Structures are given as structure tokens and as C-alpha cells.
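Comments concern the structure below.
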Amino acid sequence: MTELRDDLPRWRQVRDIIVQRIEASQYRPGQRIPSVVDLTQEFGIATQTAQKVMNALRKDRWIRTERGMGSFVTTAEERTTASDEASE
């Protein structure tokens, strides 16, 4: 189990770890990332906390979720296109 700090929100720490893994190509574009259940087990966090992580990753366009299939890493182009559209 990954140790988390007590002085920062757990969901933010886990989100940052997942982003670091994406940036380091540990999770590649199009690859499925760990599920909410997997996150609760790996990090010892509550289901609601893991859901908050997934919501933050989706909001920031790091992942996209396909109902019934899971959540997948977006490409850098998808993240850029989405942020360009939001700023128009």
C-alpha cells in the first residue's frame, strides 16, 4: 500500500500520483487505468475518495470513461484540444 501524507487531502495526492504515472508513460494513452476498487486497495482510501480522484482526472482531461468498459488515458492531443475548446 502506498503511504500518503497526513497534511494534504488524500484524493489530491492519489490524483497527483496517477498523473505522474501518466506523464512517465507508466499508463499510456488508450490504456485502461486502475478502477475505483483498485485505487481503494492500492492506496487504502475510501470508495468516495477514489471516486473523487476519478472525477478530478476526468475534469482535468487526463482520462475518459467509457460506461461498462472502464477509464482510459487520453492523448496529449485530446487534452490540448479540450483545453483549447474551453478557452474559446
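Computed from a prediction, not measured in an experiment: that's the story for all the values here. Throughout, residue positions are numbered sequentially from 1 according to the sequence presented.
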From I18 atom CD1 to L57 atom CG, the distance as rounded to the nearest 0.5 Å: 6.5 Å
Closest non-hydrogen atom pair between V14 and L39, with its separation: CG1-CD2, 4.4 Å
Value rounded to 0.5 Å, distance of CD1 in I33 from CD in Q26: 12.0 Å
Euclidean distance, Q48 CD relative to R10 CZ, rounded to 0.5 Å: 14.5 Å
Neighbour count above 12 (heavy atom, 6.0 Å) for E66 CD: yes
Rounded distance [0.5 Å steps], CD in E77 versus OG1 in T80: 7.5 Å
Results of side-chain hydrogen bond (donor to acceptor under 3.5 Å, both in side chains) for R12 - residues two or more places apart only: none
Nonpolar side-chain network containing M69, other nodes, edges under 4.5 Å: F72
Student check: side-chain heavy atoms of E42 and T2 closer than 4.5 Å: yes
Close side-chain approach of L4 and I17, heavy atoms under 4.5 Å: yes
Side-chain donor/acceptor of S35 to backbone N/O of D38, under 3.5 Å: yes
Polar contact flag, side-chain donor to acceptor under 3.5 angstrom, T74-R79: yes
side-chain hydrogen bond (donor to acceptor under 3.5 Å, both in side chains) partners of S71, counting only residues at least two apart: T65
Contacts of type salt bridge (charged side-chain N to carboxylate O under 4.0 Å, His left out), residue D60, not counting sequence neighbours: R15
Results of side-chain hydrogen bond (donor to acceptor under 3.5 Å, both in side chains) for R5 - residues two or more places apart only: D7
Side chains of residues 49-56: which donor-acceptor partners sit under 3.5 Å, not counting sequence neighbours?
unit_1, atom_1, unit_2, atom_2, d
N55, OD1, R58, NH2, 2.5
N55, ND2, Q51, O, 3.3

